[in-house]
Amino acid sequence: MQRLFGTNGIRGVVNEDMNIELASGIGRAVGSFLGGRGSVVVGTDPRTSNEMLKSALIAGILSTGSDAIDVGIAPSPAIQYAVKTGFGNFGVIITASHNPPQFNGIKCIDADGTELGREKEEEIERIYFGKRFAVKPWNLIGKLVENPRANQNYIEGIIARCDVEAIRKAKLKVLLDCSNGASGFTSPYLLETLGCRVISLNAHPQGTFPGHESEPTPDNLRDTIRIASALGADLTVVHDGDADRTIFIDEKGQYIFGDKSLALMARETVKARNGGLVVTPVATSLCFEDAVKPFGGKVLYTRVGAPIVARAMIEHGAVFGGEENGGMIFPEFQYCRDGGMAAAKMVEVLAKTGMKLSELIDSLPKYAQVKTKVECPDAKKEAALKKLVEHYRGERVDTTDGVKIMFEKAWVLVRPSGTEPIYRVYAEAETMEKARKLSEENKKLIEEIIRSI
Ligand code: MG
């Protein structure tokens with residue numbers, strides 16, 4: 001069957017593959033999936049195409065008899081929280097997250113605020129491709145209601161789950177870079193309410209992303225890093241375009257990679273609860289596991305993908321989870337990546353420990369990772385993985401997602417790409433030299449295996 005939804009919903013270039021026909025079709029499919037009942041919360045990031053796609057999507061929803069609740073521009077986690085707290089019984093987010101401005105995307109949210117599971121997505125795909133739309137007669141068309149409360153509702157939800165008193169006492173100076181994304185409507189007010197002195201940057205939501213590209217990489221954040229150093233801010237918070245992710249810069253102006261901030265948050269969460277399960281994909285650094293183990297933390301590894309991590313957290317009652325790209329999931333709030341909550345919880349960690357971020361990060365175990373790729377025709381992918389597993393018989397091998405071979409204080413992960421004829425090869429060890437060696441050896445090994453098939 002044809003697929004609509006990838007791991008990040010539907011993404012495409014505006015008015016090419018991401019056009020109003022697609023958006024209205026999804027609207028009709030979603031409304032039909034809901035049986036023309038209930039109401040769908042619809043929100044967007046600030047992209048230039050958001051009103052165009054939203055209007056088409058809502059038209060499709062209304063045609064089936066379902067109602068639409070327009071919450072306007074809001075971070076993805078704020079839209080998810082709106083669904084969870086009963087603004088509607090389903091959600092659709094129009095966002096392309098960190099992609100360049102010519103892109104946009106559509107993502108579906110289940111009644112509990114989590115990203116829609118694959119089975120339900122397939123149901124929507126069947127309706128869409130089979131054109132099995134259940135449109136209603138004139139007197140049963142749905143209604144559109146605007147609800148501007150999603151952002152405030154989200155801010156209040158986060159504040160209710162923070163130690164506000166401790167944070168206020170710490171009087172932290174926070175540089176906040178909203179990357180011209182949706183968080184301009186939430187994070188400045190959130191951090192200010194928490195008693196931080198907030199200096200905001202690129203805080204006006206604007207779909208052309210004039211400040212910098214909305215993926216928070218060190219390269220895109222060169223200006224932000226310079227400003228952070230000059231200001232001597234205790235903490236710099238950077239969100240991606242739809243603010244489901246947060247990257248931090250320490251008080252010395254050092255960019256903190258997402259695996260470090262994830263490990264730190266996992267450690268502090270496990271410490272505060274005297275143990276607990278934390279969840280992350282197999283590609284996450286060993287520093288995550290090393291950080292939580294001394295405090296009674298246990299790690300569950302999953303396939304790559306935030307919704308997969310979130311589902312595993314629900315199933316196993318985890319206390320924390322997330323990915324190495326700055327996506328953190330706080331189960332006491334909601335089961336999705338949450339940039340606002342990550343920012344609030346990080347200021348809470350600084351306030352409660354009384355330590356500087358650079359000190360906290362330095363206290364984590366250090367590892368070096370090397371990422372590379374090997375070309376492999378799709379037809380050979382499965383056979384090559386099998387041979388790789390055979391080659392490493394006797395070693396600790398994990399086949400949760402691709403093949404991960406674990407050594408003492410090191411591992412290699414070989415994952416077939418779902419979209420390209422390549423394998424991604426990750427290698428991690430205690431030093432860069434060891435990681436490089438491990439990477440090169442295994443790259444060669446896989447190339448030999450592929451040739452032999
Ligand atoms: Mg995002």
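Both ligands and their constituent atoms are indexed starting at 1 by order of listing.
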Side-chain polar contacts of residues 97-105 - donor-acceptor pairs under 3.5 angstrom, sequence neighbours left out - could you list them?
unit_1: Ser97; atom_1: OG; unit_2: Asp240; atom_2: OD2; d: 2.9
unit_1: Ser97; atom_1: OG; unit_2: Asp242; atom_2: OD1; d: 3.2
unit_1: His98; atom_1: ND1; unit_2: Arg245; atom_2: NH2; d: 3.1
unit_1: Asn99; atom_1: OD1; unit_2: Arg11; atom_2: NH1; d: 2.8
unit_1: Asn104; atom_1: OD1; unit_2: Thr95; atom_2: N; d: 3.4
unit_1: Asn104; atom_1: ND2; unit_2: Ser49; atom_2: OG; d: 2.8

Atom pairs and distances, side-chain donor-acceptor, residues 187-197, under 3.5 Å, sequence neighbours left out:
unit_1: Ser187; atom_1: OG; unit_2: His239; atom_2: NE2; d: 2.8
unit_1: Thr193; atom_1: OG1; unit_2: Tyr189; atom_2: O; d: 2.6

> Is the Tyr335 to Phe330 ring centre distance short of 6.0 Å?
Replying inline: no
>> Any carboxylate oxygen within less than 4.0 angstrom of a Lys/Arg side-chain nitrogen, looking at Arg149 and Glu156?
In response: yes
> Tally of protein N/O/S atoms under 2.8 Å from the Mg ion (ligand 1)?
Replying inline: 4
> Do the non-hydrogen side-chain atoms of Ile10 and Leu22 ever get within less than 4.5 Å of each other?
Replying inline: yes
> How would you list, by chain and number, every residue that makes a ring-ring contact (aromatic ring centres under 6.0 Å, His included) with Tyr367, sequence neighbours excluded?
Replying inline: none
